[in-house]
Amino acid sequence: MEFGLSEDQRMLQDSLGKLLEKCAPLDHVREIADQSKAYSATVWQALGELGVAGILVPEEHGGMGQTLLDAALIAEALGHHVAPSPFVASCVMAPIALVEAGSPSQQAKYLPPLAAGEIIAGVALSEAASGVRDKAGVTASNGRLNGKALFVIDYGDADIFIIGDTGGGLHLVAGDAPGLTKIALTSIDATRSLGELQFENVEAETLTGGDAAKARRRMIDAARIMLAADTLGAGSRMIAKAVDYAGERKQFGRVIGSFQAVKHMCAEMASELEPCRSLIWYAAHSHDAMPEETSLMAAHAKSLTTDVGRFVARTATEVHGGMGFTDLLGLHFWFKRIGLNRQLLGSPERLRQEAAQMQGWVAA
Amino acid sequence: MEFGLSEDQRMLQDSLGKLLEKCAPLDHVREIADQSKAYSATVWQALGELGVAGILVPEEHGGMGQTLLDAALIAEALGHHVAPSPFVASCVMAPIALVEAGSPSQQAKYLPPLAAGEIIAGVALSEAASGVRDKAGVTASNGRLNGKALFVIDYGDADIFIIGDTGGGLHLVAGDAPGLTKIALTSIDATRSLGELQFENVEAETLTGGDAAKARRRMIDAARIMLAADTLGAGSRMIAKAVDYAGERKQFGRVIGSFQAVKHMCAEMASELEPCRSLIWYAAHSHDAMPEETSLMAAHAKSLTTDVGRFVARTATEVHGGMGFTDLLGLHFWFKRIGLNRQLLGSPERLRQEAAQMQGWVAA
Amino acid sequence: MDLAYGPEYEAFREEVRGFISTHGDKAPQRFGVARPSDELIAWQKLLIEHGLTARTIPKQYGGYGAEPDILKSRIIAEEFTKAGLPSGIANQGISMFVPTLLELGTEAQKQEWISRTLHGEVIWCQGYSEPGSGSDLASLQTKATEDGDDFIINGQKIWTSTAASADWIFCLVRTEPDKPKHAGISYLIFSMKTPGIEVRPLKTMTGHAEFNEVFFTDVRVPKSQIVAGRGQGWFVANATLKHERGMLGDPNQAGTRLKQIIDLMHEEMLDGERLIDNPLFRDRLTQLQSRVLAMQFHGLRLLTASLKGEDPGIARLIVKLQGCEINHQLAALAIDALGEIGVLYGDSPHLRAHGSWQHRYMFDLGLIIGGGTAQIQKNIIAERGLGMPREPKVAKA
Amino acid sequence: MDLAYGPEYEAFREEVRGFISTHGDKAPQRFGVARPSDELIAWQKLLIEHGLTARTIPKQYGGYGAEPDILKSRIIAEEFTKAGLPSGIANQGISMFVPTLLELGTEAQKQEWISRTLHGEVIWCQGYSEPGSGSDLASLQTKATEDGDDFIINGQKIWTSTAASADWIFCLVRTEPDKPKHAGISYLIFSMKTPGIEVRPLKTMTGHAEFNEVFFTDVRVPKSQIVAGRGQGWFVANATLKHERGMLGDPNQAGTRLKQIIDLMHEEMLDGERLIDNPLFRDRLTQLQSRVLAMQFHGLRLLTASLKGEDPGIARLIVKLQGCEINHQLAALAIDALGEIGVLYGDSPHLRAHGSWQHRYMFDLGLIIGGGTAQIQKNIIAERGLGMPREPKVAKA
């Protein structure tokens with residue numbers, strides 16, 4: 001019985017932390033954001049050297065073959081450093097899609113370059129996970145796609161896209177396929193890239209090697225756990241920053257961290273966020289070890305963590321006073337990262353409704 | 001333009017406050033509660049001398065003919081003193097029923113003794129206001145009632161009952177009518193009396209002088225405003241008690257009211273509760289002056305105030321520490337009064353749903 | 001209780017409506033920019049002449065010279081809002097500096113500044129907060145050293161909203177460094193063109209530079225440009241801040257936003273269903289409606305207290321805390337109801353309402369912090385409103 | 001990560017199950033009363049003999065004498081809970097006094113008390129809190145004055161839960177009034193039959209007397225009945241409180257309550273609809289389920305840290321605050337879902353679950369306050385967990 005991280009996992013956390021501190025300092029994050037770049041090539045390359053791109057890709061395809069808990073630790077570190085890098089789609093959802101639903105030849109063709117970080121994959125599953133807005137939806141027929149997909153993750157400069165259609169299937173499309181129109185979507189979070197894809201009779205490679213419905217379920221579950229972990233990382237960093245700032249900033253002749261109101265704000269943040277860590281670990285672990293529990297646990301993990309995340313983002317900003325509201329300190333990068341995580345792939349309200357449905361609590 | 005209390009209303013508040021301080025001290029409240037009495041005859045009589053029983057009864061029937069805002073000020077004072085007295089049913093709902101739906105002879109028969117406080121009227125409208133539980137419901141046919149009514153207000157020792165049936169009608173039944181079985185219901189709040197009525201072919205006097213459906217609506221609206229006002233009174237008393245206690249109790253060498261956490265708890269209570277006062281005033285005023293707005297305003301006033309009430313009841317108890325949890329200080333009488341108000345005649349969730357329906361926000 | 005305004009006021013309302021129908025077409029279409037356009041200046045002049053702005057400011061200072069009448073002011077505001085017309089120039093010079101000068105300025109200062117400020121000829125900015133002095137404003141460090149008949153000012157101000165376009169600044173500086181912190185401050189006014197002043201835009205989390213930092217390096221200001229005397233600055237600043245605090249947490253603004261969300265939830269569709277049909281969002285909407293209504297009626301209560309010259313006590317102290325929080329919660333509901341669309345910003349496709357909900361969500365957080373953080377507000381409510389003890393003095397370490 | 005217990009432990013689980021199927025019928029049906037019945041005493045003896053309670057307490061003190069093994073303890077707890085059997089006598093003597101004595105008592109004290117306490121022969125109560133000393137326990141005023149070989153005790157204790165049925169008390173008293181407050185306290189044990197002790201039941205807001213007040217008037221106690229020496233009482237008390245704090249906020253208790261609410265919401269009908277079909281209550285239920293699950297897994301994390309001998313840091317400090325709050329919220333949801341039925345109490349008709357939801361709603365508020373108020377918990381989390389500064393010392397007025 002061990003509910004905790006292995007030595008290897010702690011080392012992974014450690015080396016990731018050091019790496020990101022070095023290659024993704026705030027100034028660099030700001031640079032990427034100011035230039036509206038899709039991601040930081042430096043960070044992506046550095047992560048690639050640690051094997052992040054292939055973390056979930058089986059070893060026989062050149063990956064690390066690690067568990068989703070390892071991926072969650074990476075997501076947490078990325079959130080902690082507001083790292084401007086692809087991850088959720090390209091390193092988590094796409095490998096799962098190919099492993100679960102790709103044919104052997106599709107796996108052989110795409111998994112090795114994904115694992116090596118040579119190609120980036122965007123994923124379009126928003127309509128399945130969050131519901132349909134603005135008449136989005138992609139239909140597949142005779143290997144051709146039509147319609148549009150919104151909120152494509154890791155969209156910017158993606159080489160391939162994996163698209164969920166309205167019928168439960170999964171398809172792979174080249175980033176430069178004829179008939180494909182790409183429209184960047186600007187969100188509050190300038191550290192990650194979102195976009196819209198419009199399809200006019202676009203040629204697609206359907207994933208035919210497994211149960212696409214199951215693969216989609218597992219992609220969405222995994223991505224939700226990643227977004228929760230990203231918020232955990234961003235939130236814990238905001239708490240740390242608030243505690244640090246409160247220990248330095250003086251008002252009325254004393255550091256503000258000695259005022260009980262400020263202390264209690266910090267204590268409340270920590271005591272709300274810390275249990276989320278345990279829930280995320282469990283959810284991530286279940287993806288490999290107890291897959292029948294994962295959908296429920298992923299829904300719980302993301303809804304609780306992103307709700308707490310909103311509270312932390314706001315409260316940590318308040319602890320920083322006016323400085324927290326400026327662009328100068330850059331605290332808002334974490335605030336916005338948490339804001340985006342909350343809404344992507346299922347809002348808390350929607351996830352709780354799904355959780356109720358899974359448990360048979362909703363009358364047909 | 002004047003949104004505030006008149007001189008007369010301030011005098012009413014003042015004399016009521018003094019009266020209740022004298023005739024309903026905590027020891028007396030405790031005595032009534034310990035002996036499980038329906039109400040305090042002393043308090044009831046003293047209130048009667050001020051004209052409380054007839055506050056809403058027209059002057060031609062021996063009452064004061066005042067507005068619902070005056071009644072709300074009385075309810076607030078009763079909550080403030082956790083007064084063990086009939087009021088909401090006997091002094092508010094029953095007079096409204098008779099004025100709106102009683103025939104001239106019914107009015108002449110019942111309003112004067114009600115106004116004089118010589119008889120007490122219980123009212124059974126829970127099923128219409130809160131929904132049906134445990135198969136409650138009263139049917140009327142040929143002047144006879146059958147079925148059962150739960151959560152009858154001002155139940156104990158009532159001389160007459162006004163009953164809402166499942167068809168939208170209102171009926172008057174003598175407290176000792178043959179076939180009527182009376183069962184007391186014990187709630188957390190020992191200062192007010194609730195009961196169940198079971199009817200087996202009970203003879204009833206149907207109110208035939210007006211629009212019973214409209215009368216029921218106005219009875220429920222008025223009662224909800226009274227319950228909100230009662231919570232306002234009880235809540236503001238709990239805040240005052242918390243502030244006082246925090247100013248006396250010393251821990252760690254200083255009064256606890258000088259700790260910022262305690263100060264902020266008190267500030268939060270006050271800043272949540274104070275706007276409720278304005279909302280209650282408006283809702284009560286609308287009952288006389290803008291009746292088309294009342295149902296919506298009553299729903300808002302009761303849902304907001306009783307939600308805030310729960311927060312205040314809990315927080316004021318916490319400020320009192322262990323002492324707040326004991327029976328000794330008697331703080332729990334207010335806590336429980338607020339608890340009962342919250343659930344009676346429509347919970348906050350239900351009231352908000354009704355408010356949405358009234359505004360056409362719920363699809364048919 | 002009487003929610004009617006009475007015949008005298010309804011007659012006044014008709015007058016205002018008459019003005020609007022006669023002159024409404026002269027109102028500038030775009031407004032709200034820091035520097036008033038010629039059109040807006042002309043409009044302001046027209047309004048003053050008709051007693052529709054600067055109404056109670058004496059004629060000799062360029063105002064209309066009417067007796068104060070809160071209801072008439074309210075009727076003017078109601079009618080202008082209803083007609084969607086700008087109610088004249090709105091800036092810190094008019095809302096904060098003019099009342100301060102009326103209360104505490106010398107006759108010469110009033111003559112020099114009030115009329116020109118009212119007529120949009122002089123634009124002011126406010127130099128109060130400093131990077132090191134936020135909640136603890138009295139700890140400000142900007143120094144004014146004596147040099148003959150002048151002060152030499154060195155230091156830095158922050159959160160100065162219209163600094164880039166302002167002509168003059170009203171500014172708190174430390175003139176007596178040896179006195180206790182509250183007693184060493186003076187209130188100076190000087191031209192923003194004085195050599196040694198540098199204005200840098202201050203970008204906030206919204207991505208926009210709604211504020212500025214202002215740096216002073218050896219800025220020379222005649223001693224005569226002081227308001228209310230040396231060491232009186234803290235007193236003057238508090239007179240000014242009274243006017244600012246009244247502006248934050250306006251419940252009518254929340255009412256407008258509530259209406260926008262109600263519309264949004266009727267229009268937006270998710271999976272082919274209107275958002276208003278989602279019971280959870282609808283419940284939150286109704287809950288916020290309760291709070292907005294309560295604060296609107298609360299505003300009527302405060303208005304009545306003003307009319308009667310009564311001190312509304314704690315009822316007044318809670319307005320900023322409640323009002324800003326409700327606004328922030330309204331924005332949060334809109335974002336949540338919009339789901340993934342709610343995170344879009346800037347000039348994104350699919351953006352709703354120009355991204356204003358996200359902007360408000362962030363900017364309102366700034367307002368919760370600014371003008372007295374929520375923590376300071378709670379201190380004030382507890383200490384002044386509930387009479388609880390002040391924070392005890394800390395022992396010297 | 002490995003949530004399995006492994007073969008050794010699964011074998012142990014089988015042993016426990018074997019015991020339960022062989023001996024389960026000997027378990028007393030009713031338990032939880034302050035004074036153990038003969039049946040419960042016999043059951044306790046059987047459990048100790050089989051190493052199912054008092055497992056790690058040395059044989060010479062009447063325990064089973066096994067090596068500490070957190071997982072085995074957990075397995076025992078799991079199986080007994082599953083079977084609905086009492087896991088032996090549960091009282092403050094066993095949970096708090098015995099571990100304290102093992103850690104800090106003399107050999108003679110251990111010999112005298114531990115076995116008899118474990119076997120239900122001696123029942124203890126705890127004399128810590130006083131009316132004037134709640135959060136600030138160290139300010140306690142109960143005096144123990146020297147008189148030859150004895151102390152004479154005068155004062156009052158409160159929140160003493162089993163005082164009425166207890167044989168002995170472990171009690172904090174002030175033996176050195178001149179020393180700083182933390183250094184003047186001693187930990188005494190004495191018989192509740194000593195002359196001068198009066199026990200008065202203390203009724204709480206629930207209407208029940210779950211606690212007592214204990215009054216001491218010239219109570220004579222031999223000086224030898226001290227644990228760990230004079231002036232060491234604060235140190236001893238903290239050793240004891242460690243054991244108490246671990247018991248508050250148990251996530252498995254919350255899990256049991258959650259299941260009860262899930263059942264309740266499936267069974268209860270309002271207007272002919274199940275409560276589980278009300279989207280608002282269902283959402284709150286699911287939200288609380290998230291929090292309960294998080295705290296259950298959090299418990300596994302703390303268990304793992306214990307197994308490894310690691311300090312879980314802040315993760316441990318938050319348990320009481322979170323756990324008690326979640327329990328309180330669960331009770332609030334049940335009450336709300338029950339509507340008007342939710343306010344019924346005592347022996348009312350239509351009452352559900354014997355009124356236990358209202359009882360819990362109130363009692364849990366007591367737990368939020370007791371054993372370190374939520375405010376004290378937040379201070380601890382901030383100061384010890386996050387390393388924030390302590391409240392500064394107040395200047396003498």
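Since the model is a prediction, treat every value here as computed from it, not as a measurement. Basis for what follows: all heavy atoms, side chains included, without hydrogens, waters or symmetry-related copies.
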A.B. asks: Just give me the residue among D:P392, D:A315, D:A374 that pairs up with chain A most often, heavy atom to heavy atom, under 4.5 Å.
C.D. replies: D:P392

A.B. asks: Output the distance between atom CG (A:L304) and atom CG (D:L293), rounded to the nearest 0.5 Å.
C.D. replies: 9.5 Å

A.B. asks: Can you tell which part of D:I262 gets under 4.5 Å to a heavy atom of chain A, answering side chain, backbone, both or neither?
C.D. replies: side chain

A.B. asks: Would you indicate whether A:M290, at its atom CE, is surrounded by more than 12 heavy atoms from other residues, nucleotides or ligands within a distance under 6.0 Å?
C.D. replies: yes

A.B. asks: Counting only heavy atoms closer than 4.5 Å, note whether D:L321 contacts chain A via side chain, backbone, both or neither.
C.D. replies: side chain

A.B. asks: Where does D:L307 contact chain A at under 4.5 Å (heavy atoms): side chain, backbone, both or neither?
C.D. replies: side chain

A.B. asks: How about the chain D/chain A donor-acceptor pairs under 3.5 Å, what are they, with distances?
C.D. replies:
from: D:D2; atom 1: N; to: A:E2; atom 2: O; distance (Å): 2.8
from: D:D2; atom 1: O; to: A:E2; atom 2: N; distance (Å): 2.6
from: D:A4; atom 1: O; to: A:M1; atom 2: N; distance (Å): 2.9
from: D:R282; atom 1: NH2; to: A:Q353; atom 2: OE1; distance (Å): 3.2
from: D:D283; atom 1: OD1; to: A:R352; atom 2: NE; distance (Å): 2.8
from: D:Q289; atom 1: OE1; to: A:H300; atom 2: NE2; distance (Å): 2.9
from: D:Q289; atom 1: OE1; to: A:Q359; atom 2: NE2; distance (Å): 2.8
from: D:Q289; atom 1: NE2; to: A:Q359; atom 2: OE1; distance (Å): 2.7
from: D:S290; atom 1: OG; to: A:H300; atom 2: ND1; distance (Å): 2.6
from: D:H298; atom 1: ND1; to: A:S278; atom 2: OG; distance (Å): 2.9
from: D:R301; atom 1: NH1; to: A:E274; atom 2: O; distance (Å): 3.3
from: D:R301; atom 1: NH1; to: A:S278; atom 2: OG; distance (Å): 2.9
from: D:R301; atom 1: NH2; to: A:E274; atom 2: OE2; distance (Å): 2.5
from: D:T304; atom 1: OG1; to: A:F3; atom 2: N; distance (Å): 2.8
from: D:T304; atom 1: OG1; to: A:F3; atom 2: O; distance (Å): 3.3
from: D:K308; atom 1: NZ; to: A:E2; atom 2: OE2; distance (Å): 2.5
from: D:E310; atom 1: OE1; to: A:R10; atom 2: NH2; distance (Å): 3.4
from: D:Q322; atom 1: NE2; to: A:S271; atom 2: O; distance (Å): 3.0
from: D:Q322; atom 1: NE2; to: A:S271; atom 2: OG; distance (Å): 3.4
from: D:Q322; atom 1: NE2; to: A:E272; atom 2: OE2; distance (Å): 3.2
from: D:Q375; atom 1: O; to: A:H264; atom 2: NE2; distance (Å): 3.3
from: D:K378; atom 1: NZ; to: A:E268; atom 2: OE2; distance (Å): 2.7
from: D:N379; atom 1: OD1; to: A:Q260; atom 2: NE2; distance (Å): 3.3
from: D:N379; atom 1: OD1; to: A:H264; atom 2: NE2; distance (Å): 2.7
from: D:E383; atom 1: OE2; to: A:K263; atom 2: NZ; distance (Å): 2.5
from: D:P389; atom 1: O; to: A:K263; atom 2: NZ; distance (Å): 2.9

A.B. asks: Between A:M265 and chain D, with a heavy-atom cut-off of 4.5 Å, which part of the residue counts as in contact: side chain, backbone, both or neither?
C.D. replies: neither

A.B. asks: Would you name the heavy atoms of A:V243 and D:L386 that are closest together and state the gap between them?
C.D. replies: CG1-O, 3.6 Å

A.B. asks: Side chains of A:F3 and D:L303: does their closest heavy-atom pair fall under 4.5 Å?
C.D. replies: no

A.B. asks: For A:A246, what residues pass the side chain to side chain contact (heavy atoms under 4.5 Å, CB included) criterion, not counting sequence neighbours?
C.D. replies: A:I256, A:V262, A:V319, D:M388

A.B. asks: Please classify the contact between A:L5 and chain D as side chain, backbone, both or neither, with a heavy-atom cut-off of under 4.5 Å.
C.D. replies: backbone

A.B. asks: Side chain from CB out, backbone as N, CA, C, O: work out which of these in A:V362 comes under 4.5 Å of a heavy atom of chain D, or both, or neither.
C.D. replies: both

A.B. asks: Could you tell me which residues satisfy side chain to side chain contact (heavy atoms under 4.5 Å, CB included) with D:F80, sequence neighbours excluded, listed by chain and number?
C.D. replies: D:V16, D:F19, D:I20, D:W43, D:L47, D:L52, D:I76, D:L85, D:S87

A.B. asks: Suppose we screen for side chain to side chain contact (heavy atoms under 4.5 Å, CB included). Which residues come up paired with A:A240, at least two apart in sequence or across chains?
C.D. replies: none

A.B. asks: Does any heavy atom of chain A fall under 4.5 Å from the side chain of D:L71, the backbone, both, or neither of them?
C.D. replies: side chain

